[in-house]
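Presented below is the structure to which this report refers.
As the structure is a computational prediction, the values presented were derived from the model and not from experiment. Order of the sequence lines sets the chain letters (A, B, ...), proteins ahead of strands, with each chain counted from 1.
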Amino acid sequence: MTDLAPPRPVGDAPIGYDPAVVERRWQAHWDAEGTNSPDLARGENPFYALMMFPYPSAEGLHVGNLFAFTGSDIYGRFQRLQGHTTFEPIGYDAFGIHSENFAIKQGLHPGELIPRNIDNFRRQLQRVGLMIDWTHELSTTDPSYYKWTQWVFLQLYKQGLAYKKKAAVNWCPLDKTVLANEQVIAGACERCGTMVEQRFLEQWFFRITDYANRLLTNLDGLDWSESTKTAQRNWIGKSEGAEVVFPIQDVMLYGGSAMASAGASGEVVANALEVRVFTTRPDTLFGATYLVLSPEHPLVSIIAGDEQRDDVAAYVAHAAKQDLVTRKTTKEKSGVFTGAYATNPATGDAIPVWIADYVLLEYGTGAIMGVPAHDERDFEFAQKFDLTITRVIASPEHTADLPLGDAAFTETAGCRLVNSGRFNGLTVDEGRTAIVTELSARHAATPVVNYRLHDWCISRQRYWGPPIPIVYCDACGTVPVPESQLPVLLPMIDDFRPDDSGVSPLARHAEWYHTACPQCGGPARRETDVSDTFLDSSWYFLRYPSSRRADVPFSDTITKKWLPVASYIGGNEHAVLHLLYSRFVTMVLHDAGLLAFEEPFRRFRAHGMIVRDGAKMSKSKGNVVNPDLYIDEWGADTFRTYLMFLGPFEEGGDFRDQGISGVKRFLDRLWRSVHDARADGALEVDVQRKLHQTIKKVGDDISRLSYNTAIAAMMEYMNTMRSGERRPHVDEVRPLVQLVSPFAPHIAEELWSVLGNTRSVFDSRWPTYDEALTVENRITMAVQVNGKTRGTVSLAKDATQGDAMTAAMADPHITKFVTGQPRKVVFVPGRMLNIVL
RNA sequence: GCUCGGGUGGUGGAACUGGUAGACACGCAGGUCUCAGAAGCCUGUGCCUUCACCGGCGUGGGGGUUCAAGUCCCCCCUCGAGCACCA
């Protein structure tokens with residue numbers, strides 16, 4: 001046991017509260033006693049409080065991290081006080097391009113840089129007093145961790161969910177490297193300014209699209225922030241519609257190979273070239289006056305007419321040269337006619353087939369039907385190239401031949417079909433169904449659901465990540481590395497910079513690259529790509545409780561006991577990627593029979609952002625707050641509590657140092673109240689009532705993460721309890737120490753021991769309140785005349801309308817507004833009285 | 001452009017299901033204590049008018065519903081975040 005005696009007043013400090021001393025003492029005490037390391041095997045009533053692990057940057061923790069961690073810590077500590085065994089782990093998400101680029105800039109190896117950053121993070125995390133179980137700390141860069149990241153890859157591979165295909169990526173021809181979309185600024189490389197190109201490279205993908213519908217429908221049952229669920233729904237982007245078949249007319253077939261498409265039964269139908277398009281508006285089919293294929297569409301070279309061949313080829317080449325970002329953001333329409341015509345299956349008309357880069361190969365079928373009258377993009381395109389525009393939807397005020405004017409008509413509510421043959425007069429919804437039904441009978445359409453979600457590209461042609469555990473053998477082909485041979489260690493090489501070749505730097509290391517085939521023992525080559533950091537973080541919560549097990553990624557019994565995660569708190573910037581990938585990986589492991597649950601996070605809450613003077617903190621703006629300086633000056637307890645007091649936790653707030661002194665004063669008063677407390681005499685009724693109200697409110701508020709109002713409530717109680725320089729009774733102060741403890745854990749422990757307790761305040765139980773004692777027996781009721789508040793009356797808590805009326809009419813300030821006989825009186829018991837004249 | 005959040009005193013922010021708008025805190029002003037200060041403690045503090053009482057006006061703007069609107073409905077302005085030619 002460390003020394004529990006209260007510190008003597010230091011120097012001139014009149015009250016003896018020295019945060020630095022108190023905080024150091026209790027951090028050492030927690031460490032020595034293992035206060036924050038629960039017995040995971042035996043602890044009762046488990047509660048897994050998870051915070052998103054940080055990326056250990058060179059700058060150290062920023063206030064945003066601290067804000068998030070403190071919010072999560074308060075919730076975890078509160079749950080512990082409710083009688084749970086709380087597990088609060090931390091780790092570092094330390095692989096990735098960020099670290100690698102930074103290391104390159106500093107001329108250092110990420111392998112030396114990262115441990116240094118982690119040491120600094122650990123130091124900072126320790127001094128804010130989080131209830132972290134340090135015995136389960138992890139880093140994704142540790143071979144004992146990424147061994148199992150590779151294992152996760154293998155599980156997906158085994159399920160047929162990992163595959164390799166060529167995909168378009170941004171390529172900087174000067175830096176000779178692949179760029180993420182965020183690294184392309186206005187079509188140019190963010191580092192060297194060179195125009196970026198599109199390249200096709202072989203990449204590993206996970207088939208997350210197979211899980212799209214499940215990822216979407218499960219959301220309904222999750223206790224998550226609505227904003228996060230909405231973001232996921234939008235990201236998955238389900239759209240229901242139909243695929244419609246447009247036969248190509250009179251094609252000149254080149255080279256005889258014309259690849260007539262294969263029907264469902266496998267027989268080759270001669271001369272049956274056709275374009276399939278996806279649409280969410282089959283009701284507008286009669287208005288489809290042209291088709292547009294994406295420039296990469298396989299039919300393009302086949303259907304292009306002799307005269308158009310050169311133009312088409314030039315356009316395709318132009319599109320290929322564009323980078324992905326510019327292509328998707330340039331709204332100016334461009335395109336060329338292919339020379340081919342297709343038949344609109346509804347009207348039988350011949351319509352021209354164009355190609356344009358506003359149609360993307362990766363979405364739907366890579367081809368669209370152009371309905372210029374009712375789609376903005378198509379309208380723009382048709383105007384530019386002078387294509388036919390036919391109205392097929394009309395609102396009740398429109399006639400069938402009313403011209404469109406200068407914009408597409410995209411409304412649907414209350415509208416009906418026109419110029420659509422026998423479908424005229426149907427509503428949009430009816431038309432949608434009727435047209436698809438009829439075309440389906442002729443095999444010209446199929447109802448289809450499409451998702452915006454793409455498969456997850458996990459390949460990175462970089463160095464700083466876990467090597468993808470695959471080997472290529474001339475004899476056996478693609479061979480997964482057997483689990484017994486994991487981890488595939490990332491070699492510590494000096495020249496880890498990306499180079500001219502466009503493949504990972506690992507390819508340059510023959511001794512690593514060449515290996516023996518695990519199947520036949522023959523010569524083989526290793527996969528040189530490493531995996532995406534999002535794979536590292538997609539399963540880390542499974543590892544924490546079992547982090548000391550070398551033989552399995554996660555123990556069955558421990559996992560059954562501790563997961564799914566009871567509370568997960570993090571930033572909404574991870575609403576889609578990290579949180580979606582974690583759900584996906586969990587589902588896959590569930591389907592493989594390795595996990596009993598399919599959703600990893602029972603409850604998720606997104607915290608807000610801390611800004612400074614209304615702007616996001618950034619080095620370039622020079623408004624970054626260094627938490628160390630604030631902790632030095634005010635102490636961790638004050639800083640934590642202040643961060644929580646600045647605004648609603650789920651909304652964030654504006655950091656300004658002016659307000660921090662108010663919180664410090666509050667803790668000073670708490671300190672003094674405990675030291676001055678008397679043990680004799682009785683409790684005051686008003687103080688006691690306020691106490692019970694406060695216990696109730698603080699508990700309710702913490703449960704809803706309304707930390708700012710919880711703190712305000714404690715301050716109110718303090719004002720009541722210590723009004724003037726009133727000496728409070730110990731029984732009035734003791735519960736306040738407990739209420740404060742999740743926010744300001746060090747001072748709470750200190751004062752708890754001053755109050756004579758020998759065990760941690762976090763092993764005490766949250767104080768209980770008596771509902772009966774929270775009730776006020778007299779109430780102040782507002783009295784309105786014609787809806788305007790004209791005064792108040794003081795009444796017994798169960799006063800009737802009659803009592804209220806009598807009291808109101810006795811007050812001349814009120815009666816002077818009552819100039820006639822009341823027409824009506826509205827009485828809300830306990831709240832207000834409204835006299836209507 | 002679309003989606004999701006916001007807009008309340010000098011400032012950060014309260015206000016649960018419509019029911020005394022401005023809790024709590026900062027700041028400011030005055031007082032008390034002190035040789036003086038710091039710290040504490042007490043009082044006041046939305047705006048306009050007034051010596052004061054009284055009164056009027058007030059939650060981005062404009063309409064509406066209601067005995068009653070920061071809260072509900074419609075239109076508009078504005079700030080932040082995310083997504084973005086997704087057919």
| Under 4.0 Å: is that the gap between some side-chain N or O of A:Asn708 and OP1 or OP2 of B:A14? | yes

| query | Of the nucleotides B:C4, B:A87, B:C85, which has the atom closest to the A:Ser227 side chain? | reply | B:C4

| Does the pair A:Lys690/A:Glu776 count as a salt bridge with the N-to-O cut at 4.0 Å? | no

| How far apart are the C-alpha atoms of A:Leu417 and A:Ile393, what are their side-chain angles, what is the distance that settles it, and do they pass the side chain to side chain contact (heavy atoms under 4.5 Å, CB included) test? | CA-CA 5 Å; A:Leu417 274 61; A:Ile393 303 291; 3.9 Å; yes

| field | Side chain of A:Tyr358 - closest among B:C85, B:A25, B:G19 | value | B:C85

| Nucleotide paired to B:G44 in any strand shown, Watson-Crick or G-U, under 3.5 Å | B:C28

| remark: The Watson-Crick or G-U wobble partner of B:G19, with both key distances under 3.5 Å, is B:C67

| request: Look at the side-chain N and O atoms of A:Lys816 and state whether any lies under 4.0 Å from the OP1 or OP2 oxygen of B:G55. | output: yes

| Which listed nucleotide (B:U20, B:U11, B:C24) is nearest to the side chain of A:Ala712? | B:C24

| query | Which one is paired to B:A39, where only Watson-Crick or G-U wobble pairs with both distances under 3.5 angstrom count? | reply | none

| request: Compare side-chain N and O positions of A:Ser239 against OP1 and OP2 of B:A87 and report whether any pair is under 4.0 Å apart. | output: yes

| With ring centroids as reference points, do A:Phe67 and A:Phe655 lie under 6.0 angstrom apart? | no

| said: Less than 6.0 angstrom separating the ring centers of A:Phe385 and A:Trp354, yes or no? | reply: yes

| said: Does A:Val359 reach a base, just sugar-phosphate, or nothing at all? Heavy atoms under 4.0 Å. | reply: base

| Which nucleotide in the list B:A25, B:A14, B:A87 gets nearest to the side chain of A:Met715? | B:A25

| message | Any salt bridge linking A:Asp811 with A:Lys816? Criterion: basic side-chain nitrogen under 4.0 Å from a carboxylate oxygen. | response | no

| task | Just compare B:A21, B:A14, B:A87 and give me whichever is closest to any side-chain atom of A:Pro648. | result | B:A14

| task | State whether A:Arg669 places a side-chain N or O below 4.0 Å from either non-bridging phosphate oxygen (OP1 or OP2) of B:C41. | result | yes

| request: Determine the contact category for A:Ser723: base if any of its heavy atoms lies under 4.0 Å from a base atom, sugar-phosphate if only primed atoms, P, OP1 or OP2 are that close, otherwise nothing. | output: sugar-phosphate

| Short side-chain N/O contact to B:A23 OP1/OP2 from A:Asn719, under 4.0 Å | no

| message | Quick check on B:C57: is either OP1 or OP2 less than 4.0 Å from any side-chain nitrogen or oxygen of A:Lys788? | response | yes

| said: Side chain of A:Glu725, heavy atoms from C-beta onward: which of B:U20, B:C41, B:A68 has the nearest atom to it? | reply: B:C41

| query | Please give, in whole Å, the distance from B:A38 P to A:Arg665 CZ? | reply | 12 Å

| Side chain of A:Val836 - closest among B:G56, B:C67, B:A87 | B:C67

| task | Any strand is fair game: report the nucleotide pairing with B:A81 by Watson-Crick or G-U wobble, both distances under 3.5 Å, or none. | result | B:U3

| Sugar-phosphate, base or nothing in reach of A:Leu646, heavy atoms under 4.0 Å | sugar-phosphate

| remark: Checking B:A14, B:C67, B:G12 against the side chain of A:Phe645 (C-beta onward), the nearest is B:G12

| Reckon A:Asn834 touches a base, only the sugar-phosphate, or nothing at all at heavy-atom distances under 4.0 Å? | base

| Applying a 3.5 Å limit to both distances, which nucleotide forms a Watson-Crick or G-U wobble pair with B:U34? | none

| task | May I ask you to decide if A:Ile747's main-chain N or O and A:Asp637's side chain share a donor-acceptor pair within less than 3.5 Å? | result | yes

| query | If you check the A:Phe817 side chain, which of B:G55, B:C4, B:G12 turns out closest? | reply | B:G55

| task | Could you work out which one of B:U20, B:C4, B:C54 sits closest to the side chain of A:Thr792? | result | B:U20

| query | Within the pair A:Arg452 and B:C2, is there a side-chain N or O less than 4.0 Å away from OP1 or OP2? | reply | no

| request: Look at all strands and tell whether A:Arg704 reaches a base, only sugar-phosphate, or nothing, counting heavy atoms closer than 4.0 Å. | output: nothing

